[in-house]
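Please read the structure below before turning to the comments.
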Protein chains: 2
Amino acid sequence: MKKMSISSRFAVGVHILTLIEFNKDGVSSSEYLAESVNTNPAVIRKITGMLKKAGLVEVHPGIAGARLARKLSEITLLDVYKAVDVVQENELFSVHGNPNPKCPVGRNIQDAIIPVLSTAQIALEKVLGNVTIEDIVKGIVEKENISS
Amino acid sequence: MKKMSISSRFAVGVHILTLIEFNKDGVSSSEYLAESVNTNPAVIRKITGMLKKAGLVEVHPGIAGARLARKLSEITLLDVYKAVDVVQENELFSVHGNPNPKCPVGRNIQDAIIPVLSTAQIALEKVLGNVTIEDIVKGIVEKENISS
DNA sequence: TTAAATGTAATTATATTGGTTACAAGCACT
DNA sequence: AGTGCTTGTAACCAATATAATTACATTTAA
């Protein structure tokens, strides 16, 4: 059985932003980006639209190319994570909805575990918040240099 | 659009273990547990089977009732999380599979982000590892006392 | 006005979740 | 042994999400 995982929209979002930076002297159209991600331009446009709504990129209808709306060092992976909306606020974990209120465990289990789950989710998000697109770009440059 | 979230199997697993403890002087059959969780006994049996395989509970075919296989304080939420298999090892996040190797970003993006995602996942799991079923039981007892 | 790009909706294939039914196999008790 | 209850599983279903794809309206530059 294959298991749940957080949508690759997130990884694609990071890919898009990173590539825009790499190609900052060129034009990053949805077709161009799609070729690197290896998907359909419409998928790119949908994700780019989310990044735009979050204020991470600038895109304009009719005008080819997306550009970063902030400095590299001011876009964290958490920004991307939230922008592409892979997880609903405070709902990384889902809790069964209708436990039996006649049972002491049933009527309190939600209140007992939700704070823990929330703490775990925050810990995860904190890690993402400490990494920027700049870090990712640097990582890629490094790897390129090593293998050349 | 509704978003992804980690299967409630996890929360149900915690519920089951907690209830077994609450009902330690009684018989925790799948039917009994199902009533508190408010689901089907077969669902309980499936999850209980996973908890059993992970060495967290004792259950025997033909014999009614499940019992904890360890002390309360020695079962962490991380144990449950892993037992019920909601997330594949190191794959809480999914990364798009076929970026273009002709592009510097495409051929390195996976290596660049996977360590970050892994760190984030570990941070999440660490929080779960620091909370035991005993803590959950205490939490419920507290809430019950307050509201009585 | 024309060509090209973005924005967006509709559709599809695939997969997972959670629930449900059904039944084989195991154990206790008479 | 035979009955009754329980666990262990498999098969199936409905609902939902993802990602890809197609199509087209809107917008811009030239």
Side-chain angles (χ1 to χ4, degrees), chain A residues 1-13 15-16 20 26-35 37-54 57-67 69 84-88 91-99, chain B residues 1-13 15-16 20 26-35 37-54 57-67 69 84-88 91-99:
Chain A
M1 186 181 17
K2 201 166 167 255
K3 309 308 169 338
M4 185 284 314
S5 58
I6 291 173
S7 167
S8 67
R9 241 192 345 269
F10 172 46
V12 172
H15 188 147
I16 289 172
I20 291 173
V27 174
S28 297
S29 65
S30 62
E31 196 188 336
Y32 171 81
L33 296 168
E35 199 173 316
V37 173
N38 199 14
T39 184
N40 194 292
V43 172
I44 298 293
R45 289 199 290 274
K46 184 154 55 175
I47 297 177
T48 303
M50 292 171 146
L51 298 174
K52 177 185 184 180
K53 202 183 299 182
V57 300
E58 286 174 13
V59 210
H60 304 279
I63 302 177
R67 310 198 65 80
V84 300
D85 228 18
V86 279
V87 171
Q88 226 150 7
E91 294 189 10
L92 173 57
F93 295 90
S94 61
V95 177
H96 52 301
N98 299 307
Chain B
M1 188 181 16
K2 200 166 169 255
K3 307 306 168 337
M4 185 280 319
S5 59
I6 291 173
S7 167
S8 67
R9 244 197 337 276
F10 172 47
V12 172
H15 188 146
I16 289 172
I20 290 173
V27 175
S28 296
S29 66
S30 64
E31 196 188 336
Y32 171 80
L33 295 169
E35 199 173 317
V37 173
N38 199 13
T39 184
N40 194 294
V43 172
I44 297 294
R45 289 199 291 274
K46 183 154 57 175
I47 298 176
T48 303
M50 292 171 147
L51 298 174
K52 176 185 185 178
K53 201 182 299 180
V57 300
E58 287 174 13
V59 211
H60 305 280
I63 303 179
R67 308 199 65 81
V84 299
D85 228 19
V86 280
V87 171
Q88 225 148 7
E91 293 189 10
L92 172 57
F93 294 89
S94 61
V95 177
H96 51 302
N98 299 306

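Bear in mind the structure is a predicted one, so any value in this text is a computation, not a measurement. So that the names make sense, note that chain A is the first sequence line, chain B the second, and so on, each numbered from 1.
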Taking [atom1] from [X] and [atom2] from [N], how many angstroms apart are they, rounded to a whole number?
X       : N      : atom1 : atom2 : answer
B/Ile16 : C/dG18 : CD1   : P     : 12 Å
B/Ile47 : C/dT20 : CD1   : P     : 13 Å
B/Asn98 : D/dT18 : CG    : C1'   : 16 Å
B/Phe93 : D/dT18 : CZ    : P     : 15 Å
A/Met50 : C/dT8  : CE    : C1'   : 12 Å
A/Ile44 : C/dT8  : CD1   : C1'   : 16 Å

Heteroatom pairs (N/O) under 3.5 angstrom, protein to nucleotides 1-8 of chain D:
residue	atom	partner	partner atom	Å
D/dT7	OP1	B/Ser30	N	3.2
D/dT7	OP1	B/Gly65	N	3.2
D/dT7	OP2	B/Ser30	N	3.4
D/dT7	OP2	B/Ser30	OG	2.8
D/dT7	O4'	B/Gly62	N	3.4
D/dG8	OP1	B/Lys52	NZ	2.9
D/dG8	N7	B/Arg45	NE	2.8
D/dG8	O6	B/Arg45	NH2	2.9

Got a sec, which residues hit side chain to side chain contact (heavy atoms under 4.5 Å, CB included) with [X], two or more places apart in sequence or on another chain?
X       : result
B/Ala54 : B/Leu56, B/Ala83
A/Ala42 : A/Asn40, A/Arg45
B/Ala34 : B/Pro41, B/Ile44

What I'd like to find out is whether the side chain of B/Arg9 reaches to under 4.5 Å of the side chain of B/Lys46, using heavy atoms alone. no

Considering only heavy atoms from C-beta outward, does the side chain of B/Leu92 approach that of B/Ile6 to under 4.5 Å? yes

Taken in chain and number order and not counting sequence neighbours, the residues that satisfy ring-ring contact (aromatic ring centres under 6.0 Å, His included) with A/Phe10 are A/Tyr81, B/Phe93

Taking only residues two or more places apart in sequence or in another chain, which ones pass side chain to side chain donor-acceptor pair (under 3.5 Å) with A/Ser28? A/Asn23

Output yes when a side-chain donor or acceptor of A/Ser8 lies under 3.5 Å from a complementary backbone atom of A/Ala11, and no otherwise. no

Enumerate all atom pairs, one protein N or O and one N or O from nucleotides 19-21 of chain D, separated by less than 3.5 Å.
residue	atom	partner	partner atom	Å
D/dA19	OP1	A/Ser8	N	3.0
D/dA19	OP1	A/Ser8	OG	2.7
D/dA19	OP2	A/Ser7	OG	2.5
D/dA20	OP2	A/Thr39	OG1	2.8

